Protein chains: 2
Amino acid sequence: MTISPVHNYLALDEQTAKDLAISLNFFSKNAELTCREIGDGNLNLVFQVAEKGRKGIIIKQALPYAKVVGESWPLTIDRARIEANALKLQYSHAQNLVPQVYFSDDRLAVTVMEDLSSLTIARTGLIERKSYPLLSEHIGTFLANTLYFTSDYGLHPFKKKEYVRTFSNPELCKITEDLVFTDPFFNSVTNDFEEELLPYIQELWDDFNLKLEVAKLKKSFITESEALLHGDLHTGSIFADKTQTKVIDPEFAFYGPIGFDIGQFIANLTFQVIARNDREGKVELIHHIIHTWNTFTETFSKHWQESGDAYTKVNGYLEYVLKKAFQDSAGFSGCELIRRTVGLAHVADLDGISDKENRLHAKQRCLSLGRELILRRQHLSTVEELTDFICKHTS
Amino acid sequence: MTISPVHNYLALDEQTAKDLAISLNFFSKNAELTCREIGDGNLNLVFQVAEKGRKGIIIKQALPYAKVVGESWPLTIDRARIEANALKLQYSHAQNLVPQVYFSDDRLAVTVMEDLSSLTIARTGLIERKSYPLLSEHIGTFLANTLYFTSDYGLHPFKKKEYVRTFSNPELCKITEDLVFTDPFFNSVTNDFEEELLPYIQELWDDFNLKLEVAKLKKSFITESEALLHGDLHTGSIFADKTQTKVIDPEFAFYGPIGFDIGQFIANLTFQVIARNDREGKVELIHHIIHTWNTFTETFSKHWQESGDAYTKVNGYLEYVLKKAFQDSAGFSGCELIRRTVGLAHVADLDGISDKENRLHAKQRCLSLGRELILRRQHLSTVEELTDFICKHTS
């Protein structure tokens with residue numbers, strides 16, 4: 001049976017993925033196609049379909065479950081709709097920084113898009129000490145464009161509220177609410193950490209000031225519809241090489257606080273600051289953090305001048321919005337640093353440190369820096385203060 | 001032609017309203033019915049249908065336009081869906097304080113509900129110096145129940161996000177965004193004020209600190225989905241007598257910041273503090289303001305103990321949420337005081353002061369108190385500080 005877009009949901013395999021590509025006229029009927037499943041298979045199927053010797057296409061399909069630590073839990077395939085719509089919207093505002101979507105079908109939970117396999121995942125590259133000289137320039141621009149043009153400053157109020165409804169994403173948000181903001185700060189069954197860290201983690205669990213500040217950050221995450229977030233902007237969601245950067249996988253997209261995307265990205269650069277042993281390697285990442293923020297603010301501020309909202313002309317309002325985004329970013333960074341150490345989902349930057357003592361030491365620094373960022377975020381005013389703070393707590 | 005719920009939209013008249021009531025089996029076919037249109041006709045038709053000598057029903061129908069200062073502008077009848085759904089939800093959490101809905105039909109934009117015409121509108125009653133000894137007890141309870149049980153503390157995250165979508169209310173929110181938060185603070189064509197006030201109003205328009213603080217409050221209104229608000233909780237939206245209070249007309253309902261409803265109610269009590277000349281009369285209203293806030297916090301705090309959210313057990317979080325709601329309330333009160341003096345929609349409490357000098361003096365006090373509340377809201381901690389502040393700026 002040939003799969004076609006008019007079908008209801010059915011998981012693809014390599015043959016039906018090829019059939020779909022042909023039925024959508026990406027290739028001629030007689031084309032000699034190769035098809036490989038290249039996803040990690042936890043949440044999605046990812047097929048690379050190509051005609052011999054030519055650039056192909058990617059067919060991504062959401063699975064109706066998530067495999068986590070060996071167990072499956074049901075997970076809405078509606079996230080494919082969210083992801084395809086987010087990719088299209090982000091592409092319209094940051095064309096060179098997002099893969100182009102050629103086709104999407106909500107019932108099949110399928111998105112057909114540009115093949116980026118000539119690039120590498122930034123996390124992997126950074127761990128291998130590849131340099132991405134344009135990474136922060138590009139991500140700063142991506143953040144400024146996608147966040148500004150989906151905010152109340154860049155949209156008519158009706159359009160903004162339509163997007164808030166379109167990108168309502170309860171199931172994926174719940175994962176973040178639990179795994180980023182809640183479970184790591186309590187003795188929860190989903191947590192996964194090295195037992196030697198327990199004394200340090202127990203200190204976090206007993207720290208009521210910390211929990212109060214995380215409660216405020218979680219409140220911000222669940223109530224503040226400032227802009228359409230990517231929602232999962234870590235270095236594993238970025239394809240890059242020396243000249244190109246492409247942000248992928250926005251299935252967690254929803255309307256939330258601007259600082260969340262920025263904070264997650266900064267935290268994921270910070271894992272490398274912590275994991276690297278040489279000054280030069282650390283400095284490279286510190287420069288990326290500073291340049292991300294500076295590019296974001298410069299570009300966001302430039303867009304702000306074009307806003308039709310009367311209040312954007314009021315002295316001090318842009319500074320207020322940016323200061324809030326900055327301090328939120330610092331707090332969200334802190335949550336990310338802690339949850340990748342204590343919670344269910346880890347990062348290879350830390351887990352890949354083969355020497356146990358070094359690895360535990362790096363993770364301890366994530367815990368202490370994360371805590372300080374959450375508690376002191378409102379005392380930080382400039383990105384240089386933030387990076388000094390990171391250096392002080394990780395050296 | 002008989003109107004029935006299966007019809008598409010058609011404005012009712014007294015005959016078709018009776019027909020509808022019969023077709024819905026509220027009355028027998030041969031019942032001798034009276035029907036009167038009792039609405040003000042600006043936004044809605046309101047029919048009171050009754051069998052001779054017995055309590056009747058109210059049929060409310062949204063009109064597809066709003067008549068404002070003689071002009072009509074198109075306005076979605078979807079607000080009838082919002083209003084009926086909000087009434088039902090509020091009734092489920094504050095049964096004695098909201099009219100019961102017997103039937104609703106989104107296409108006809110019709111809501112059939114309990115007849116409350118034995119009560120009077122609280123604004124009218126307060127102007128006539130009627131006493132409503134239970135008004136603040138009841139409104140404090142209404143606020144606590146409806147706001148808590150629609151918040152993230154009282155709902156599963158999926159249900160909360162479903163409600164956020166259901167109560168997305170772009171057109172009515174736009175009216176508030178323009179008429180409460182924007183136009184009165186700029187020299188806008190929609191403004192409507194007595195010309196003698198121009199020098200004082202010009203001062204507001206030139207006050208960039210004030211505008212910056214209003215920008216922050218407007219940002220809160222458009223981005224913070226804390227709870228399902230009534231959205232228009234002035235004393236004209238409340239039916240009352242000595243023992244009963246019923247909150248009506250939630251067509252502006254949407255997910256917004258908790259302090260907005262509280263602030264609008266406090267401001268509308270404050271109009272009476274300002275309009276009354278005798279100490280006793282003022283004190284009665286000051287007591288209502290204090291008792292509204294105290295009832296709200298006591299009841300909200302009691303519900304909070306039952307929350308399933310782990311963070312509600314963290315010391316200081318409830319206090320943080322209440323402090324934010326309180327300071328937001330003070331700011332939103334200030335906006336309401338100013339917009340009812342400068343903007344399009346006025347209140348009879350002020351406009352009804354027949355002596356011109358007294359009236360202008362009262363309006364000036366609204367402007368100066370409104371400004372101070374907006375600018376100083378974050379220095380206010382207790383409701384007694386708030387009422388002292390109100391007395392100081394209005395005596």
Side-chain angles (χ1 to χ4, degrees), chain A residues 76 151-153 156-162 164-171 173-174 176-178 181-183 185-186 188 207-227 254-258 309-321 324, chain B residues 76 151-153 156-162 164-171 173-174 176-178 181-183 185-186 188 207-227 254-258 309-321 324:
Chain A
T76 176
S151 77
D152 285 288
Y153 314 112
H156 187 281
F158 292 174
K159 196 72 190 167
K160 192 267 182 135
K161 288 173 184 82
E162 182 195 317
V164 171
R165 291 193 305 275
T166 300
F167 293 100
S168 176
N169 198 355
E171 286 196 45
C173 282
K174 180 78 164 58
T176 307
E177 290 161 23
D178 291 344
F181 291 108
T182 310
D183 296 356
F185 299 93
F186 295 84
S188 309
D207 185 340
F208 280 91
N209 287 324
L210 177 69
K211 280 175 152 164
L212 177 57
E213 294 308 312
V214 178
K216 294 177 189 176
L217 288 162
K218 183 179 176 185
K219 178 181 188 302
S220 165
F221 182 84
I222 57 184
T223 63
E224 295 182 11
S225 306
E226 291 182 345
F254 79 108
Y255 263 78
I258 285 176
D309 174 353
Y311 281 109
T312 58
K313 316 298 175 225
V314 172
N315 278 338
Y317 188 34
L318 172 61
E319 290 71 18
Y320 169 78
V321 168
K324 177 183 181 302
Chain B
T76 175
S151 76
D152 285 287
Y153 315 113
H156 186 280
F158 292 175
K159 195 73 190 169
K160 192 267 181 136
K161 289 173 183 84
E162 181 195 317
V164 171
R165 293 192 304 274
T166 300
F167 292 101
S168 177
N169 198 354
E171 285 198 45
C173 282
K174 181 78 164 61
T176 307
E177 291 161 24
D178 291 345
F181 290 107
T182 311
D183 295 356
F185 299 93
F186 294 84
S188 310
D207 185 338
F208 280 91
N209 287 324
L210 178 69
K211 281 175 153 165
L212 176 57
E213 294 308 313
V214 179
K216 295 177 189 176
L217 288 162
K218 183 179 177 186
K219 178 181 190 298
S220 165
F221 182 83
I222 57 183
T223 62
E224 295 182 11
S225 305
E226 292 182 343
F254 79 108
Y255 263 77
I258 285 177
D309 174 352
Y311 281 108
T312 59
K313 316 300 176 223
V314 172
N315 278 338
Y317 189 34
L318 172 62
E319 292 70 18
Y320 170 78
V321 168
K324 175 182 183 302

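Letters A, B, ... are given to chains in the order of the sequence lines, protein chains preceding strands, and every chain is numbered from 1. Given the structure is predicted, the values throughout are model-derived calculations rather than measurements.
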K.L.:
Return the option, out of Val164(A), Leu212(A), Asn209(A), with the maximum number of heavy-atom pairs under 4.5 Å with chain B.
P.N.:
Leu212(A)
K.L.:
Is Leu217(A) close to Phe221(A) at the side-chain level, that is, under 4.5 Å between some pair of heavy atoms?
P.N.:
no
K.L.:
Is chain B contacted by the side chain of Tyr255(A), its backbone, both, or neither, given a heavy-atom distance below 4.5 Å?
P.N.:
neither
K.L.:
Using the side-chain contact (heavy atoms from CB on, under 4.5 Å) criterion, which residues pair with Thr312(A)? Sequence neighbours excluded.
P.N.:
Tyr153(A), Trp304(A), Ser307(A), Asp309(A)
K.L.:
Heavy-atom distances under 4.5 Å only: say whether Glu171(B) touches chain A with side chain, backbone, both or neither.
P.N.:
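Contact with chain A: backbone and side chain both.
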K.L.:
Using non-hydrogen atoms only, which part of Phe186(A) is less than 4.5 Å away from chain B: side chain, backbone, both, or neither?
P.N.:
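When you check distances to chain B, only side chain atoms of Phe186(A) fall under 4.5 Å.
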K.L.:
Glu224(B) and salt bridge (charged side-chain N to carboxylate O under 4.0 Å, His left out): which single residue from Lys216(B), Lys324(B), Lys219(B), Lys218(B) fits?
P.N.:
Lys324(B)
K.L.:
Both conditions, 6.0 Å and 45 degrees, for the charged tip of Lys211(B) above the ring of Phe208(B): are they met here?
P.N.:
yes
